[in-house]
Amino acid sequence: MPMNLPPPPNAHALAVLILAVVALVLFTREKIPLESSSFLVLIGLAVGFEVFPFHVAGGVLHAVDFFRGFGHEALVAVCALMIAGQGIVRTGALEPVGRVLTRLWKVSPSISLLLTLVVGAFISAFINNVPVVVLFLPILINVSLRTGMKASSVLMPMGFATLLGGTCTTIGTSTNLLVVSVAADMGLKRMDMFDFLVPAALAGSIGIAYLWLVAPRIIPEREPTLADTSPRVFSAHLAILEGSPVEGKTLAQARKKVDGAMKVTSVERGLDNFMIPFPTLVLKAGDHLIIRDTPDRLKEFEKILEGTLYTDDAMAAPVDDEHPLKDEDQQIAEIVVIEGSHLVGRTLSAARFADRYGMITLAIHRAGSQPQKLYDEIVDIRLKAGDILLVQGHREQIAGLKKEKDFLVLDATADLPFARKAPLALLIMLGVVVSAALGFLPIAISASLGALLMIFSGCLGWRDATSALNAQVILIVTASLAIGVALLKTGGADYLAQLFVALAGDTSPVFVISGLMLLMGILTNIVSNNAAAVIGTPIAVSIAAQMGQPAEPFVLAVLFGANMSYATPMAYKTNLLVMNAGNYTFNDFLRVGVPMVLIMWVTLSWLLPTLYGIK
């Protein structure tokens with residue numbers, strides 16, 4: 001029986017289809033920035049339809065219509081969620097989760113891996129998974145260094161688990177928001193936040209089981225690139241303050257609070273009165289623990305023990321009248337004392353470093369050896385060329401150091417989290433999720449309100465908010481929406497749907513849903529998942545209409561398929577993060593990711609028709 005193929009589309013639809021193919025090819029080119037490809041596609045559509053107008057029912061499809069993606073509610077929601085999520089990162093609200101997981105890894109690595117996968121997936125259902133992956137990467141690498149566990153066996157599963165979690169809610173990924181919004185634009189009932197939680201959670205549970213039990217055993221052993229780095233170790237004094245949770249406790253109890261990671265070489269009690277750090281030594285307010293570690297660990301110890309890395313004198317007489325050490329815009333930086341600096345041969349105290357530069361010195365690193373008079377206060381150590389100082393101050397003061405001829409500011413500058421704002425940031429994010437989930441406000445509105453509250457409450461500044469916005473995401477979303485509009489208005493989507501149905505023949509809707517999902521799963525591992533989602537959604541709606549079936553399971557097939565970014569490193573940005581940290585190869589992703597794609601595809605191909613009554 002001959003196949004009844006649909007008649008060819010009109011010239012405009014054909015041109016849009018060709019441009020869509022070109023766009024998908026451009027999106028895979030590593031040498032061409034994704035922003036450039038997206039902007040090129042967007043301008044190509046606008047110019048083409050301006051020069052060759054397309055007449056639709058009710059008028060002309062104007063070129064300016066393709067720029068409406070910049071104001072589309074899906075893009076507004078994506079940008080607002082990026083800003084609100086940055087508030088969580090900026091306040092360090094997720095750091096306690098990381099510390100708890102670190103402790104558990106020492107008890108049971110297997111159970112801890114499962115818990116890490118579940119926690120990562122859960123958080124990623126509500127927050128962009130990039131900061132979640134960034135949080136977990138150093139934790140898992142540090143655990144591997146301490147326990148001998150292979151880091152390569154857990155980094156990739158952790159990254160994939162966050163992708164699984166992102167499929168569970170409408171705000172889990174930008175892909176989900178786009179599919180839901182485009183489907184609503186086409187007249188479908190808008191999906192609420194948890195409308196597809198059941199199939200996503202059921203399939204995700206099977207995916208988590210695979211990542212927990214199978215994936216670590218089939219991943220080749222790789223030496224993580226981060227494990228090769230040797231962060232500079234600094235010598236510092238950690239002062240115990242009155243009211244500190246370790247005041248009146250033994251040194252052993254203090255070390256237990258930081259999981260035994262703090263190495264204390266001596267304890268100073270009073271001027272030049274040094275004591276041997278016996279585990280049974282009871283700590284008193286005013287004691288100085290003399291420790292050596294990396295900047296991040298030093299600040300972590302300071303936070304957990306509620307002590308201070310700067311001296312009592314600096315606390316009594318702040319650096320300036322505005323108390324910069326209590327300012328919310330603090331940074332820490334590593335600065336090198338260069339040859340010829342006026343500090344060479346002098347102490348920080350004699351040079352009045354704090355008064356002159358408006359910042360304090362937390363620790364010192366001297367390459368090849370420990371500083372002379374290690375137990376002296378940092379400000380009393382005579383400096384040499386090449387010494388690296390760990391300093392803390394206001395962002396503008398750190399920036400001002402770069403203009404000084406006496407120092408070289410290294411790239412290790414880092415913002416300090418607004419830790420005391422962490423509970424407020426979590427409360428704001430919870431409000432965003434709950435208000436959208438209960439239908440009080442659309443997600444675009446609740447997320448925008450949440451972003452505004454993050455800024456006005458001091459959880460993050462405008463500089464942090466603007467840095468959270470990703471030009472690549474904005475342009476790829478806008479270009480994808482423009483292609484979707486063009487396909488829909490010119491009839492290109494209907495033509496592809498007719499072609500898909502014709503090729504499927506008398507195949508049941510169950511197999512069509514499965515085939516559509518597999519097609520999206522293949523596309524998302526080659527091109528942008530957002531592009532695959534926006535192009536696939538109108539096609540799915542058209543296929544459902546032509547087959548006389550409810551559109552929702554077909555739309556969800558596109559949504560789930562476009563989220564199956566497991567088989568290649570370029571499929572999703574977190575894959576690239578994991579690839580770099582774990583030193584994985586392209587074939588490693590194929591080895592673990594292809595089975596993952598097949599597991600999710602087979603599971604969802606059964607779940608969607610079953611849950612939605614498709615036969």
Side-chain angles (χ1 to χ4, degrees), residues 16-29 34 37-38 41-42 45 69 72 74-75 78 129 163-164 166-167 170 172-183 185-186 196 200 472-488 492-493 495-497 499-500 512-544 551 553-576 589 593-594 596-598 600-601 604-605 608:
V16 172
L17 289 172
I18 293 173
L19 182 61
V21 173
V22 171
L24 296 179
V25 172
L26 286 175
F27 293 158
T28 65
R29 302 294 93 185
L34 195 54
S37 301
S38 303
V41 169
L42 184 60
L45 278 171
H72 196 281
L75 182 59
V78 168
N129 66 338
L163 293 177
L164 286 175
T167 64
T170 55
T173 65
S174 58
T175 304
N176 298 1
L177 280 167
L178 283 170
V179 170
V180 170
S181 297
V182 171
D185 290 344
M186 297 182 67
F196 47 87
Q472 187 179 92
V473 172
I474 292 172
L475 284 172
I476 188 65
V477 167
T478 306
S480 300
L481 286 169
I483 293 176
V485 168
L487 285 173
L488 195 60
Y495 170 75
L496 289 177
L499 185 63
F500 196 95
V512 172
I513 289 174
S514 178
L516 183 62
M517 194 187 321
L518 181 60
L519 177 62
M520 291 297 107
I522 294 172
L523 276 177
T524 197
N525 281 285
I526 301 173
V527 302
S528 163
N529 50 356
N530 289 334
V534 174
I535 293 172
T537 302
I539 295 173
V541 174
S542 296
I543 291 175
F554 290 82
V555 171
L556 288 180
V558 171
L559 185 149
F560 288 129
N563 274 295
M564 294 180 187
S565 308
Y566 311 116
T568 62
M570 67 274 196
Y572 202 74
K573 47 186 169 291
T574 51
N575 289 6
L576 293 173
F589 276 86
V594 170
M596 183 77 176
V597 170
L598 294 176
M600 297 301 293
W601 170 59
L604 288 164
S605 294
L608 286 180

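We count residues from 1, following the sequence as given.
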How close do [X] and [Y] get, counting heavy atoms only, and between which atoms?
X	Y	value
Phe554	Ala540	O-CB, 3.6 Å
Ser565	Leu163	O-CD1, 3.4 Å
Tyr495	Leu17	CD2-CD1, 3.8 Å
Ala533	Ala562	CB-CB, 4.0 Å
Leu164	Thr167	O-OG1, 2.7 Å
Gly536	Val558	O-CG2, 3.6 Å

[Y] backbone acceptor or donor facing [X] side chain under 3.5 Å:
X	Y	answer
Asn575	Tyr566	no
Thr524	Met564	no
Asn563	Gly166	no

Quick one: [atom1] on [X] to [atom2] on [Y], what's the gap to the nearest 0.5 Å?
X	Y	atom1	atom2	result
Ile522	Trp601	CD1	CH2	9.0 Å
Ser605	Leu518	OG	CG	8.0 Å
Leu516	Leu608	CG	CG	10.5 Å
Met517	Leu559	CE	CG	10.0 Å
Leu42	Leu19	CG	CG	10.0 Å
Ile535	Met520	CD1	CE	8.0 Å

Stepwise side chain to side chain contact (heavy atoms under 4.5 Å, CB included) check, Asn525 with Phe589: CA-CA 11 Å; Asn525 281 285; Phe589 276 86; over 6 Å; no
Val534 side chain near Ile483 side chain, heavy-atom distance below 4.5 Å: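 With C-beta onward as the side chain, the pair stays apart.
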